[in-house]
Trainee: 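There's a structure below that I have some questions on.
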Protein chains: 2
Amino acid sequence: MNSSNKRPLTLRDVSEASGVSEMTVSRVLRNKGDVSQATRERVQEAARTLGYVPNKIAGALASQRVNLVGVIIPSLKNMVFPEVLSGVSAALEGTELQPVVGVTDYSPEKEEKVLFEMLSWRPSGIIIAGLEHTEPARAMLERAGIPIVEIMDTDGDAVDANVGISHRRAGRLMGEAIHEAGYRKIGFLGTKMPLDHRARKRFEGLTRALAGHGIEIADQEFYSGGSALSKGREMTQAMLTRSPDLDFLYYSNDMIGAGGLLYLQEQGIDIPGRIGLAGFNGVELLDGLPLQLATMDACRAEIGEAAARIIADRNSGAVKEGGQRIELEPKLAYGDTLRRD
Amino acid sequence: MNSSNKRPLTLRDVSEASGVSEMTVSRVLRNKGDVSQATRERVQEAARTLGYVPNKIAGALASQRVNLVGVIIPSLKNMVFPEVLSGVSAALEGTELQPVVGVTDYSPEKEEKVLFEMLSWRPSGIIIAGLEHTEPARAMLERAGIPIVEIMDTDGDAVDANVGISHRRAGRLMGEAIHEAGYRKIGFLGTKMPLDHRARKRFEGLTRALAGHGIEIADQEFYSGGSALSKGREMTQAMLTRSPDLDFLYYSNDMIGAGGLLYLQEQGIDIPGRIGLAGFNGVELLDGLPLQLATMDACRAEIGEAAARIIADRNSGAVKEGGQRIELEPKLAYGDTLRRD
DNA sequence: TTGAAAGCGCTAACAT
DNA sequence: ATGTTAGCGCTTTCAA
């Protein structure tokens with residue numbers, strides 16, 4: 001059925017089929033410049049029946065503009081990042097910009113590679129997770145000559161614009177809430193990722209807040225790999241076996257927190273009376289648990305939206321200067337697993 | 001610090017800085033052709049100190065090859081698709097191909113748009129979820145002149161290559177297992193998505209298998225939006241209130257199944273004695289639940305890998321012909337929620 | 001309102 | 001081993 005051409009169609013094909021110059025065809029297809037209704041229709045008809053698909057490679061080279069925004073994130077499995085992406089997509093909706101995703105697997109070297117690849121497509125902007133990058137990566141970002149928005153984290157120096165929350169502050173707030181609720185023997189459960197700077201900063205904030213009240217983290221445990229839910233379960237069991245007198249467990253993410261929650265419920269342990277729990281992120285998933293896990297919202301979609309808006313505004317020329325900073329407020333949700341006093 | 005050039009560097013800049021012709025610079029940067037070690041080093045040094053980033057737009061136009069594989073999926077929030085993507089990435093690792101993701105939000109119209117956008121970048125191949133597309137989308141796929149792999153589903157006609165499982169068969173297998181286990185009053189809980197063809201096919205397979213034993217679905221309920229876990233909880237409660245004599249609940253995905261499982265456990269209902277449960281997908285998440293939910297593995301990563309391999313093989317010229325078909329075997333996991341007889 | 005010419009930054013193909 | 005020439009398929013700019 002289909003005319004099995006080997007060669008993809010070009011503007012010239014549409015031009016010939018419609019008897020209109022390539023230039024005018026181009027104008028019609030881009031809705032640019034004045035074209036009479038008559039020719040417009042002839043061109044569109046020809047393009048449609050031929051099945052013409054424009055070549056953006058050529059268009060981008062000629063126009064020197066690529067309407068792509070590179071979004072560089074550590075992972076797609078973490079829930080958090082697809083939500084950030086939703087925010088980006090939502091904000092870019094209605095502009096001519098489109099997001100393109102790159103994944104680093106939490107590796108700085110891979111981040112550097114992915115960034116280099118992205119930049120070689122000459123995108124209109126870059127949104128990149130985190131403030132910590134390799135030296136060459138930072139240099140690339142600085143030299144790129146396009147809007148750069150570092151997201152998620154505001155504790156540190158940004159190359160250009162910055163949107164996120166202070167994870168140190170988030171940890172501190174949680175530490176204060178835990179202390180105020182009367183918990184004193186606190187265990188920490190997290191990921192074995194020295195490069196997860198945001199988790200590290202939360203931990204720092206937490207320990208500092210507790211230290212202010214003369215409390216030290218009583219036990220800690222880290223995991224890597226596997227199902228976060230079951231790891232949360234296992235780690236909780238291990239930790240409570242080792243340190244049965246703990247009265248609070250702080251998890252570096254909601255998923256392991258949920259695992260711990262399910263385990264403790266099975267054991268018939270009183271939450272939040274005998275032991276309190278908190279996670280981090282505020283993932284929607286938690287809504288379906290038997291108890292609402294205390295958590296702190298990381299403002300994922302908002303971050304994506306704000307970051308994309310910065311790029312869109314600068315791209316459209318509406319905003320000239322760079323270096324925007326937006327620090328969002330992490331919101332504490334007590335849920336059912338953190339006493340209020 | 002950084003030389004704040006407005007204009008991005010070109011090959012010519014590197015050429016001038018190194019005193020080597022553009023062509024030779026190009027060869028060095030691409031590791032193509034014979035270049036003496038001496039010039040190679042001079043060029044690399046120049047490129048590095050200048051901070052040159054190649055322009056792939058220009059390169060792609062000149063070479064008529066774009067090493068991108070478009071991957072078009074309904075959603076990133078569904079867990080399933082990030083896992084498919086991992087498979088794709090894994091298989092493309094080591095080749096020069098790179099995945100680029102497009103998301104359709106389960107809308108055929110958006111799929112058509114995303115596909116058009118992707119094709120206009122002239123990718124080396126397309127991996128697209130599902131066999132159902134709009135007429136124009138199908139036409140584009142047919143005319144594209146590149147390898148196309150439709151994934152996830154094998155029940156229907158593919159444009160070119162096809163990798164997936166038969167969801168009708170998956171539903172049928174589950175129906176048989178349910179019947180063999182002795183369950184007779186079966187409820188179905190799913191998503192309110194007329195366009196989720198795979199869920200529909202599983203449902204068809206299930207009902208057909210049960211019909212073969214003279215059993216009809218006794219009750220059904222559908223949801224849309226919200227947290228799947230809590231929806232599973234709510235729907236389960238609603239359904240059992242309405243139809244208390246059900247002895248089995250089949251959920252169209254694991255997440256709502258997990259919600260139902262948690263709810264029933266809270267109610268102290270005997271699983272799988274009083275009531276049996278099964279979901280679909282085999283998501284890793286389930287490992288951490290109090291009981292292992294019966295499910296059926298949808299072979300997500302394998303599908304991504306196999307699809308990407310087809311594209312890579314054809315792209316490298318190792319394989320000439322198209323139309324490959326790979327039907328994977330959905331594996332039933334009884335878990336703890338489906339009796340064995 | 002339409003068309004013609006020039007060139008975006010690179011690489012294939014051909015010299016040398 | 002290195003250089004030269006001629007485009008890739010569009011869009012920008014200028015002319016008609």
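Numbers restart at 1 for each chain; the letters A, B, ... are given by sequence-line order, proteins then strands. Bear in mind the structure is a predicted one, so any value in this text is a computation, not a measurement.
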Trainee: Sequence neighbours excluded, which residues qualify as side chain to side chain donor-acceptor pair (under 3.5 Å) partners of Asp313(A)?
Mentor: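 None.
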
Trainee: Starting the side chain at C-beta, find the nucleotide from dC10(C), dG7(C), dT12(D) nearest to Ala62(A).
Mentor: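 That would be dG7(C).
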
Trainee: Let me check the geometry of the helix from dT1(C)-dA16(D) to dT16(C)-dA1(D). What is the bend angle between the axes at its two ends, five pairs each, to 10°?
Mentor: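 The helix from dT1(C)-dA16(D) to dT16(C)-dA1(D) shows an end-to-end axis angle of 30°.
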
Trainee: Nearest whole angstrom, please: distance from the P of dG3(C) to the CZ of Arg12(A).
Mentor: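 Taking CZ of Arg12(A) and P of dG3(C), I get 14 Å after rounding.
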
Trainee: List in numerical order all residues of residues 17-40 of chain A for which some heavy atom is under 4.0 Å away from an atom belonging to DNA chain C.
Mentor: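 Val20(A), Ser21(A), Met23(A), Thr24(A), Arg27(A), Asp34(A), Val35(A), Ser36(A), Thr39(A) - these, ordered by number, are the residues of the stretch whose heavy atoms sit under 4.0 Å from the strand.
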
Trainee: Looking at Asn67(B) and Leu97(B), would you say the former's side chain and the latter's main chain have a donor-acceptor pair under 3.5 Å?
Mentor: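 Not confirmed, Asn67(B) side chain does not pair with Leu97(B) backbone.
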
Trainee: Expressed in angstrom and rounded to an integer, what is the separation of Arg65(A) atom CZ from dG9(D) atom P?
Mentor: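 The answer, rounded to whole Å, is 22 Å.
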
Trainee: Does the Ser26(A) side chain pair with the main chain of Glu22(A), one donor and one acceptor, at a distance under 3.5 Å?
Mentor: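 No; judged by distance alone, with no hydrogens or angles, the pair does not exist.
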
Trainee: Just N and O in the side chain of Gln64(A): are any of them under 4.0 Å from OP1 or OP2 of dC10(D)?
Mentor: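 The answer is no; no side-chain N or O of Gln64(A) sits under 4.0 Å from OP1 or OP2.
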
Trainee: In whole angstrom, what separates Leu61(A)'s CG from dC10(D)'s P?
Mentor: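 Value for this atom pair: 12 Å.
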
Trainee: Measure from CZ on Arg42(B) to C1' on dT2(D) and round the result to the nearest Å.
Mentor: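 Arg42(B) atom CZ is separated from dT2(D) atom C1' by 12 Å.
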
Trainee: Determine, stepwise, if the pair Gln44(A) / Tyr52(A) fulfils side chain to side chain contact (heavy atoms under 4.5 Å, CB included).
Mentor: CA-CA 10 Å; Gln44(A) 280 167 337; Tyr52(A) 173 68; over 6 Å; no

Trainee: Report yes or no: does Ser18(A) contribute a side-chain atom to a donor-acceptor pair with the main-chain N or O of Val14(A) at less than 3.5 Å?
Mentor: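 Between the backbone of Val14(A) and the side chain of Ser18(A) there is a qualifying donor-acceptor contact (under 3.5 Å).
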
Trainee: With a cut-off of less than 4.0 Å, is there a side-chain N or O of Tyr52(B) near OP1 or OP2 of dC10(C)?
Mentor: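 Result: yes.
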
Trainee: If each of Ser63(A) and Asn55(A) is mapped to the nucleotide of DNA chain D with the nearest heavy atom, which maps nearer the 5' terminus, i.e. the 5' end?
Mentor: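 Closest to the 5' end, via its nearest nucleotide, is Asn55(A).
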
Trainee: Please check if the side chain of Ser89(B) supplies one atom and the backbone of Leu85(B) the other of a donor-acceptor pair under 3.5 Å.
Mentor: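 Yes, because the side chain of Ser89(B) sits within donor-acceptor range (under 3.5 Å) of the backbone of Leu85(B).
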
Trainee: In whole angstrom, give the distance that lies between atom CD of Glu16(A) and atom P of dG3(C).
Mentor: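 Distance, rounded to whole Å: 13 Å.
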
Trainee: Take Lys113(A) and Glu109(A), measure what salt bridge (charged side-chain N to carboxylate O under 4.0 Å, His left out) needs, and give me the verdict at the end.
Mentor: CA-CA 6 Å; Lys113(A) 273 215 308 244; Glu109(A) 291 71 35; over 6 Å; no

Trainee: Within this structure, what is the CG-to-C1' distance between Leu11(A) and dG9(D), rounded to whole angstrom?
Mentor: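 Checked: the CG to C1' distance equals 8 Å.
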
Trainee: Whole angstroms only, please: what is the NZ-C1' distance between Lys56(A) and dG9(C)?
Mentor: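 One finds 20 Å between C1' of dG9(C) and NZ of Lys56(A), rounded.
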
Trainee: Is it true that a side-chain atom of His133(B) and a backbone atom of Gly130(B) form a donor plus acceptor pair closer than 3.5 Å?
Mentor: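 It does hold such a pair.
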
Trainee: Below 4.0 angstrom, N of the basic side chain to O of the carboxylate: do Glu321(B) and Arg314(B) qualify?
Mentor: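 Salt bridge between Glu321(B) and Arg314(B), a charged N being under 4.0 Å from a carboxylate O: no.
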
